[in-house]
Undergrad: 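Quick one: structure below, then a few questions.
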Amino acid sequence: MATSIRGRGGIGPALPLLTPAYLWLVVAIFLPLSAMALFSFMTELPMSGRDWSLTLEHYAAFFSSGLYVTLLWASIRLGLEVTLWCAIIGFPAAYVLARVLKGRAREAIFLLVILPFWSNGLVRIFSWAMVLREGGLLDTTLNAILPFRIDIDLMYSYPAVIIGLVHSYVPYMVLTCYLTLQAIDNALIEAARSLGASRLQTLRRVVLPLAMPGLLAGSVLIFVPVVGSFMEPRILGGRTGTFYGTVIEDQFVAVFNWPLGAALSFILLAVVLVILSLSAPILRRVQ
């Protein structure tokens, strides 16, 4: 009883601090989601001036057309590939930051890692367009170095989409892995080395298991937005950059079919939640 009283007493002083955050969540997240959920069941938008009624035809359109299913699978595959590349690039960088570099060198590299957050997403994407196009920075540099001429034109291709997305999201992997790697006690690593473990064995048997929460957190932070991404595929992919997210954007911006776009968005949300829920037992065992 005393514990419950202390618990209730502890919540009271915190309410003034919690209220603004929860009010913001309601206004900025739940109300727009509720409105979009209602739109997904409408035949017409209320602001169009035409009569509307509730229907399930927009959800049925997803299952009746194989195109949406194909694009959704392509987006899931894109999310998995980008997450994998972010892990391959981000984990070693985080390890160097947390376990190797010290002082000003660490601060300088850490600044370079978070630098993409300081620029607009469109600026980053168009910068890659200047690098990857024919006659761009990459093409010009290689032709200036190599004794023979090569033509590198990665624009409007699947690799260009991967490069743009990895550049945008790899800092999330670096930051989450850095936090977990920095928290590893040096005594554990020294104990493994004193027992005869090599550097590779120490990394595989000690460091990786302890850093797994950071890897998993970074993977979730990357996979979820990449599946619904549309800017990088649209600008860097061209015709090959047609994914589920670009179709949703078309429904809202080009076609002005908000009900179908809302229905496709909620189907994507449901699929992502199912994937995360199915992988939750595996993730708990890994942790």
Side-chain angles (χ1 to χ4, degrees), residues 28 32 70-72 74-94 97 108-146 149-176 218-258 261 264-265 268 272:
T70 302
L71 291 176
L72 179 57
S75 296
I76 293 174
R77 188 188 68 176
L78 177 68
L80 293 174
E81 291 184 13
V82 171
T83 303
L84 177 61
W85 281 111
C86 287
I88 293 174
I89 297 172
F91 184 81
L97 279 173
I109 299 299
F110 198 84
L111 181 65
L112 293 177
V113 170
I114 64 175
L115 193 61
F117 292 135
W118 296 3
S119 61
N120 184 271
L122 283 175
V123 174
R124 297 196 300 268
I125 298 171
F126 280 111
S127 298
W128 275 113
M130 295 297 101
V131 173
L132 299 176
R133 68 181 178 86
E134 185 179 3
L137 181 60
L138 180 61
D139 194 0
T140 303
T141 302
L142 290 177
N143 284 315
I145 297 173
L146 298 175
R149 178 171 180 79
I150 59 174
D151 292 325
I152 296 180
D153 184 11
L154 294 177
M155 274 298 293
Y156 309 126
S157 65
Y158 188 75
V161 177
I162 295 289
I163 292 172
L165 288 170
V166 169
H167 176 238
S168 297
Y169 290 99
V170 74
Y172 294 103
M173 184 65 72
V174 175
L175 294 176
T176 55
S219 299
V220 172
L221 289 175
I222 294 169
F223 175 77
V224 173
V226 167
V227 172
S229 61
F230 60 90
M231 282 198 306
E232 290 87 350
R234 177 77 72 194
I235 298 173
L236 298 177
R239 292 182 179 179
T240 63
T242 302
F243 292 94
Y244 197 80
T246 59
V247 172
I248 294 176
E249 183 208 13
D250 287 337
Q251 301 305 317
F252 284 101
V253 178
V255 185
F256 205 69
N257 190 352
W258 285 28
L264 295 177
S265 300
L268 175 61
V272 171

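Just so you know, residue 1 is the first one in the sequence shown, and it goes up from there.
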Undergrad: How long is the straight-line distance from CD1 of I109 back to CG of L97, given to the nearest 0.5 Å?
TA: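 That separation rounds to 7.0 Å.
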Undergrad: Go through the steps to decide whether W118 and L111 satisfy the test side chain to side chain contact (heavy atoms under 4.5 Å, CB included), and finish with yes or no.
TA: CA-CA 10 Å; W118 296 3; L111 181 65; 3.1 Å; yes
Undergrad: Any chance you could measure M155, atom CE, to D139, atom CG, to the nearest 0.5 Å?
TA: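 These two atoms lie 13.0 Å from each other.
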Undergrad: Can the ring centroids of F126 and W128 be said to lie less than 6.0 angstrom from one another?
TA: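 Here the rings of W128 and F126 have centres that are no less than 6.0 Å from each other.
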Undergrad: Taking all atoms of both residues into account, what is the closest heavy-atom pair of I248 and S265, and its distance?
TA: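 Heavy-atom minimum between the residues: CG2-OG, 3.3 Å.
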Undergrad: Side chain of T140, backbone of L137: donor and acceptor closer than 3.5 Å?
TA: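 No; judged by distance alone, with no hydrogens or angles, the pair does not exist.
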Undergrad: Test of understanding: with salt bridge (charged side-chain N to carboxylate O under 4.0 Å, His left out), list the residues that count as partners of E81, not counting sequence neighbours.
TA: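 Counting only residues at least two positions away or on another chain, E81 forms a salt bridge (charged side-chain N to carboxylate O under 4.0 Å, His left out) with R77.
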Undergrad: Tell me the closest heavy-atom pair linking G241 and P233, and the distance in Å.
TA: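 For G241 and P233, the tightest heavy-atom pair comes out as O-CB, 3.2 Å.
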Undergrad: Short question: side chain of Y244, backbone of F230 - any donor-acceptor pair under 3.5 Å?
TA: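 No, because the side chain of Y244 does not come within donor-acceptor range (under 3.5 Å) of the backbone of F230.
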Undergrad: Do NZ/NE/NH1/NH2 and the carboxylate oxygens of D250 and R234 come within less than 4.0 Å?
TA: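 Salt bridge: yes.
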Undergrad: Taking side chain as C-beta onward, heavy atoms only, is S157 less than 4.5 Å from V161?
TA: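 No, too far: nothing below the 4.5 Å cut-off.
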Undergrad: Do other residues, nucleotides or ligands put more than 12 heavy atoms under 6.0 Å from F223 CZ?
TA: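 Enclosed.
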Undergrad: So do L165 and S229 actually touch side chain to side chain, heavy atoms under 4.5 Å?
TA: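 Answer yes - side chains close enough.
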Undergrad: Does a side-chain heavy-atom distance below 4.5 Å link I163 with L236?
TA: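 I163 does not reach L236 side chain to side chain.
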Undergrad: Starting at CD1 of I76, measure out to CG of L71 and round the result to the nearest 0.5 Å.
TA: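 One finds 11.5 Å between CD1 of I76 and CG of L71.
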Undergrad: How long is the straight-line distance from CZ of R133 back to CG of L154, given to the nearest 0.5 Å?
TA: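 These two atoms lie 13.0 Å from each other.
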Undergrad: Kindly indicate whether the side chain of S127, heavy atoms from C-beta on, has any atom under 4.5 Å from the side chain of V131.
TA: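 No, side chains not in contact.
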Undergrad: Does some side-chain heavy atom of L72 sit less than 4.5 Å from a side-chain heavy atom of L268?
TA: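 In contact.
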Undergrad: Closest approach of P92 and A87, non-hydrogen atoms and distance?
TA: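 Minimum heavy-atom separation between P92 and A87: CD-O, 3.9 Å.
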Undergrad: So, do L175 and I114 sit near enough that their side-chain heavy atoms are less than 4.5 Å apart?
TA: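 Of all side-chain heavy-atom pairs linking I114 with L175, at least one is under 4.5 Å.
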Undergrad: Check the surroundings of atom OH in Y156: do more than 12 heavy atoms from other residues, nucleotides or ligands lie under 6.0 Å from it?
TA: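 No, OH of Y156 has 12 or fewer neighbouring heavy atoms, counting only those of other groups under 6.0 Å.
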Undergrad: Please tell me if the side chains of S168 and M231 come closer than 4.5 Å, counting only heavy atoms from C-beta onward.
TA: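 Not in contact.
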Undergrad: Measure from the side-chain N and O atoms of T141 to the backbone N and O of L138, and report whether any donor-acceptor pair falls under 3.5 Å.
TA: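 Between the backbone of L138 and the side chain of T141 there is no qualifying donor-acceptor contact (under 3.5 Å).
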Undergrad: Report yes if the side chains of Y172 and I222 come closer than 4.5 Å at any heavy-atom pair, otherwise no.
TA: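 A side-chain contact exists here, since the closest heavy-atom pair is under 4.5 Å.
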Undergrad: Per the side chain to side chain contact (heavy atoms under 4.5 Å, CB included) rule, which among V227, T83, I162 passes with L78?
TA: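 Per the side chain to side chain contact (heavy atoms under 4.5 Å, CB included) rule, the option paired with L78 is I162, out of V227, T83, I162.
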Undergrad: Say you draw a straight line from CZ of F243 to OG of S75; how long is it, rounded to the nearest 0.5 Å?
TA: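 One gets 6.0 Å once the value is rounded to the nearest 0.5 Å.
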